[in-house]
Amino acid sequence: MASMPNKLEFNMEYNFTEIEATWRQKWQENELYKVSNNSDKPKYYVLDMFPYPSGAGLHVGHPLGYIASDIYSRYKRLKGFNVLHPMGFDAFGLPAEQYAIETGQHPRTSTEKNIGYFKEQLQNIGFSYDWSREVSTCDPEYFKWTQWAFLQMFHAWYNQETDQSEPIDTLIAKFAQGGSAAAKGAGGEHEAFDADGWNDMSPSDQQRILMNYRLMFQAESEVWFCEALGTVLANDEVKDGLSERGGHPVEKKKLRQWFLRTTAFAERLLGDLDDLNWPESMKEMQRNWIGKSYGASIHFDIIGHDKQFEIFTTRADTIFGATFMVLAPEHELVAEITTPEQKEKIETYLDYVRKRSERDRLSEVKVVTGEFTGAYAKHPFSGEPVPIWIAEYVLASYGTGAIMAVPSDDDRDNAFAEKFNIPIVEIIDKSKYPGAGRSDKLGIMINSDFLDGMEVPEAIQHITSKLEDMGIGKGKINYRLRDAGFSRQRYWGEPFPIVYDSEDLSEMPKTLPETELPLRLPEVESYSQSPDGRSPIAAIRDWVELPNGQYRETDTMPGYAGSSWYFLRYMDPQNKGTFVGQDAINYWKDVDLYIGGTEHAVGHLLYSRTWHKYFYDQGLVPTKEPFQRLVNQGMIQGRSNLIYRIKGENKFVSLELKDQHDCSPIHIPIKFVDGKDMLDIEALKGWRSDFEEADFVLHEGGFKCDFDVEKMSKRLYNVTDPNDVISKYGADTFRLYIMFLGPIEDSKPWSTKGIEGTAKFLKKFWRLFVQDEQLIVTDDKASPEELKTLHKTIKKVDHDLSTLGMNTCVSAFMVCVNELTAAKCHKREILEPLLVLLAPFAPFVTEELYQRLGNEGSVHTAVYPEHDEQYLKEDAYEYPISINGKMRIKINLPLGIDQAAAQESVLANEMVQKWIEGKDLRKFIYVPGRIINIVV
RNA sequence: GCCCAGGUGGUGGAAUUGGUAGACACGCAGGACUUAAAAUCCUGUGGGCAGUAAUGCCCGUGUGGGUUCAAGUCCCACCCUGGGUACCA
């Protein structure tokens, strides 16, 4: 008992438990953080990426960005802004549904419970969220507007002539007036028709044509399907061609699904990045994801068939080196052109590819695979037959799903040709460019008929116009970006407001009127799926089948549907009449600062930008881009503990002994392991029955565990609950500690090592104001040194906050408090501004002390101090003197002297004389206020 | 594989963006107060070599090269770690 921390005495000094509980309650009663949409103050919108409320609760990793954004919000408020700082929940998703499958508990029930705990945890940390604006994507009052947005985009197309999205009616009008030639819309690939053709067309055929243009449209696409589980699986539920759960075989299955026509916006998504205040790396990832490339499309005839196929290439110049063609295995012509002799081999290869993920197909570089179709294309210039192969490295979804392969100038084509003994023809002389790689666009054309002698860029130009003249090709811009899949064969997501006249999807979909929104989910008995790969909803017949004989869509929307516009709803969360009122959106406009992880670099951020651009085109939002400034936060990773089990036995060995046995590592909860990774065996035995009977082989009297750093997850038993930390140290200490760990962009494993440092800091800070429960603050005049300490701290904190350098702010506070403590400074003139300065970081303790100083209002509505340069002036500086770049001594010199004077006094110094004795002075470098370097 | 980011003491990190490497903390060691502990305070703490000592010298920011009066910072190549890779969120 003697070793127990003496909490009572500790609390007498600074009782954070009581202080934090008091203020949490008072702030709630006074609605201190309630934000109005009517204010004379300038607006500022600080947004966090809202969390998915998982069953493991909020863990210490989440608050890294949340604390930073909260500090920034509070800082902006003190600086006189009307700050919108809301929070909500991204509440639809796979884990809740998986949990439902395992436990039978309704996803809504578990999700609501999780949200409740998340909110409690968030409130404990002392965030300044306006909770009256909370949104949750699974709330019908919210997803009503997600469904509404879907309908708007369904009834819209992208007009490439006006370069914006428009209501589908404008397209219909163009077709009725001038047929298909009258409109240029993104997507549209179908046979041409004239005005009469359109007007005579059956309504259902018209719908079929329009589907090629809609921003929300249907197309065939593949999903992972697991026969044994009877479900469609997400990519991360498939490992090495088997289901992660159960290890069953999986195969791709083609389904008719919904898509968002992201590609229509590709050019704007790319171009508008330039003006955003985002990390350059984040913009770069989006640029690469969009993947704009300039090239040419070329049509090749297939010998013996009245057919052509189209390829896309960025290297049209290399056409004379094209010694084979490659179609994607899924290419529509494969079945048709495969010769009878090759049919069996092709079938076998197609079976293999069906089990391969896209990522595996692209990342495989060591072993190239493919198969010959038996068919040949005709080379447009030489007339020679060129063999047509299929290979997994060509994807149906990129370009045209077919390439001309040039083994001399492309690495993969080269590896392929080597393996299958296909000729390689050198067509570019690179001797002028030493060091140029195989795929560099450098050199002079050879063996290329009319291109010979040209430099590569010239040859690309020349061949492209030649192909255009011949009518077999043309210059083309290609994007890597694909239209985004918008269907999930799942229960826990937004239902589509869509019905069909027949259940086999042979008829075009029809929309429900907006008056029927929100369309709610049916209650289901079982959450596993039906054997045909449809969602569990398909089994609820009285929901699917409507009294009028129609059938409902059974797919649901993906996670990113609700998260693509949630930041708009916060502006006007209660609005019953529209997704966001015009007054609200015109006041708040856009997000000024958005903080979140890089894992959303291309998914969420790209989809939100796409939706926003659609809203912008419709005049529903005033800005082209939703997020002006973006800051990435790193992850606080978990530190997992593992123990080693001897294979085939229920026996565990201490870490030192694991190499003497054939062992497999097992994750165990970190709470059974001490700070030195030593296991509490008895505690572990009591945790799960399979450990109760187990043997534990010790090493030198103890059992040591291994550790691993990985993301925090319930599954890995490495989650730390912020509530545990807060009950021990308080929220203020927790906030300071998380910030003190380092720059918010960095990832690091969680550890409480060092939290004592920020705890001690707050106690020291407290003692500047209060000792023995007595306020000891005086009204004495501050000394110049004390003023200097205060003002340099204001300057540093104000500056570092602008770059979100919270870690250096905390150390500046520590330096400041160390100096004031040393000076025994208890002066109001110094301490009161310091309270305001620290308030965004430690909102509770600063509020308490602010009140004790006798102030009426809240410290969080005070006026932010400004620094005054007059207290910071220096007239001398201790120059580090380097000799040949190595720092040797320091010499105090007045600031503002010129080079000649500096040189004179430095060279006169006897220590300097000693160093340069007998050597020639070559150069004297004087950087005022920085350094002096003498080169001898 | 491809795209993006990051490697600095025993640990988390700092470094005015090319100008004193290791601020501020943790940990550790020694000391003060105490019957003892807790709490608090003080001193020291990158590595090596020399010296009783003050001190001095050398090495040092993942590895190897380069640019510069000066490189943690810029350039080239490589190694390792993390994130993403289109149905996890």
If the glycosidic angle is within 90 degrees of 0 it's syn, otherwise anti, so just tell me which one B:rU35 is. anti

What nucleotide among B:rG1, B:rC4, B:rA23 has an atom nearest to a side-chain atom of A:L362? B:rG1

Between B:rG12 and B:rU17, how far apart are the P atoms? Round to whole Å, please. 27 Å

Work out which heavy atom in A:R490 is nearest to a heavy atom in A:A234; give both atom names and the distance. NH2-N, 4.5 Å

Nearest heavy atom decides the nucleotide; on that basis, is A:L741 or A:M814 closer to the 5' end of RNA chain B? A:L741

Less than 4.0 angstrom from a charged side-chain N to a carboxylate O is my criterion; do A:E494 and A:R488 meet it? no

Indicate, with a heavy-atom threshold strictly under 4.0 Å, whether A:I934 touches base, sugar-phosphate, or nothing. nothing

Give me the distance, rounded to whole Å, that separates B:rG72 from B:rU67 when you measure between the P atoms they each carry. 16 Å

Quick one: which of B:rC24, B:rU20, B:rC3 gets closest to the side chain of A:P880? B:rU20

Starting from C1' on B:rG84, measure out to CD on A:Q286 and report it in whole angstrom. 12 Å

Show your reasoning for whether salt bridge (charged side-chain N to carboxylate O under 4.0 Å, His left out) applies to A:R287 and A:E284. CA-CA 5 Å; A:R287 287 189 192 109; A:E284 196 58 23; 3.2 Å; yes

Does a donor on one side chain sit under 3.5 Å from an acceptor on the other, for A:S608 and A:W565? no

Would you mind classifying the nucleic acid contact of A:R888 as base, sugar-phosphate or nothing, using non-hydrogen atoms under 4.0 angstrom? sugar-phosphate

Proximity to the side chain of A:Q637 - top-ranked nucleotide from B:rC24, B:rG82, B:rC87: B:rG82

At their closest point, which heavy atom of A:M49 faces which heavy atom of A:Y566, and how far apart are they? CA-OH, 3.5 Å

Is the shortest side-chain N/O distance from A:N632 to OP1 or OP2 of B:rC4 below 4.0 Å? no

Rounded interatomic separation in angstrom, taking NE2 from A:H600 and P from B:rG82: 19 Å

Please classify the nucleic acid contact of A:V815 as base, sugar-phosphate, or nothing, using heavy-atom distances under 4.0 Å. sugar-phosphate

Strictly below 4.0 Å: does A:R930 bring a side-chain N or O up to OP1 or OP2 of B:rU17? yes

Closest nucleotide of RNA chain B for A:K886 versus for A:E284: which of these residues is on the 5' side? A:E284

Backbone N/O of A:A96 and side chain of A:S110: donor-acceptor pair under 3.5 Å: no

What I'd like to find out is whether the side chain of A:H59 reaches to under 4.5 Å of the side chain of A:H62, using heavy atoms alone. yes

Using the P atom as the reference point in each nucleotide, state the distance between B:rA86 and B:rC3 in Å, no decimals. 16 Å

By the 4.0 Å heavy-atom rule, please label A:T808 as base, sugar-phosphate, or nothing. sugar-phosphate

Classify the side-chain pair A:S882/A:N933 by whether it contains a donor and acceptor separated by less than 3.5 Å. no

Using the purine O4'-C1'-N9-C4 or pyrimidine O4'-C1'-N1-C2 torsion, is B:rG66 syn (within 90° of 0) or anti? anti

Short N-O contact, A:E878 and A:R930, less than 4.0 angstrom: no

In whole Å, what separates the P atom of B:rU16 from that of B:rA23? 15 Å

Between B:rC24, B:rA86, B:rG83, which one does the side chain of A:E599 approach most closely? B:rG83

May I ask you to say what A:V810 touches in the nucleic acid, namely base, sugar-phosphate or nothing, with a heavy-atom cut-off under 4.0 Å? nothing

Nearest whole Å is fine: how far is B:rU85 C1' from A:N288 CG? 12 Å

Separation between the C1' atoms of B:rA15 and B:rA70, rounded to whole Å: 16 Å

For A:W289, which contact category applies under a 4.0 Å heavy-atom criterion: base, sugar-phosphate, or nothing? base

Sticking with atom P, work out how far B:rU55 lies from B:rG60, rounded to a whole angstrom. 24 Å

Sugar-phosphate only, base, or nothing, as touched by A:R767 at under 4.0 Å among non-hydrogen atoms: sugar-phosphate

Of all the nucleotides listed (B:rA86, B:rC87, B:rG19), which has the minimum atom distance to the side chain of A:V223? B:rC87

Side chain of A:I931 - closest among B:rC26, B:rG19, B:rG1: B:rG19

Between B:rG19, B:rA15, B:rU20, which nucleotide gets closest to the side-chain atoms of A:N933? B:rG19

What distance, rounded to whole Å, do you find between the two P atoms, one in B:rU8 and one in B:rC74? 16 Å

Quantified in whole Å, what is the C1' atom distance between nucleotide B:rG56 and nucleotide B:rA71? 26 Å

Taking any heavy-atom pair under 4.0 Å as a contact, classify A:S487: base, sugar-phosphate, or nothing. base

For the pair made of NZ in A:K764 and P in B:rC41, what is the distance, rounded to whole Å? 6 Å

Is A:K760 close enough to B:rC26 that one of its side-chain N or O atoms is under 4.0 Å from OP1 or OP2 there? yes

Check the angle between the aromatic planes of A:F89 and A:F118 and answer parallel, tilted or perpendicular using the 30° and 60° thresholds. perpendicular

Give a yes/no on whether any side-chain N or O of A:K923 is located under 4.0 angstrom from OP1 or OP2 of B:rC69. yes

Indicate yes or no for a side-chain donor-acceptor contact from A:K748 to the backbone of A:I636 under 3.5 Å, with no hydrogens or angles considered. no

Take atom CZ of A:R488 and atom P of B:rC87, then tell me their distance rounded to the nearest Å. 5 Å

Is A:Q489 side chain donor-acceptor paired with the B:rC87 base, going by distance under 3.5 Å alone? yes

Choose from B:rU85, B:rG13, B:rC87 the nucleotide whose nearest atom is closest to any side-chain atom of A:K748. B:rG13

Could you check how far CE of A:M282 sits from C1' of B:rG84, rounded to whole Å? 10 Å

Does a side chain donor of either A:Q257 or A:Q489 reach within less than 3.5 Å of an acceptor in the other side chain? yes

Whole-Å distance between B:rA89 P and A:Y607 OH? 11 Å

B:rC24 OP1/OP2 closer than 4.0 Å to side-chain N/O of A:N807: no

Helical stems, RNA chain B - three or more consecutive Watson-Crick or G-U wobble pairs below 3.5 Å: B:1-7 with B:79-85, B:10-12 with B:24-26, B:27-32 with B:40-45, B:46-50 with B:55-59, B:62-66 with B:74-78

Scan A:G93 against the nucleic acid and name what it touches under 4.0 Å (heavy atoms): base, sugar-phosphate only, or nothing. sugar-phosphate

Proximal nucleotide (of B:rU20, B:rC24, B:rC4) relative to the A:M887 side chain: B:rU20

What is the distance, rounded to the nearest whole Å, between atom CD of A:Q98 and atom P of B:rA89? 12 Å

What does A:P743 touch in the nucleic acid at a heavy-atom separation under 4.0 angstrom: a base, only the sugar-phosphate, or nothing? sugar-phosphate

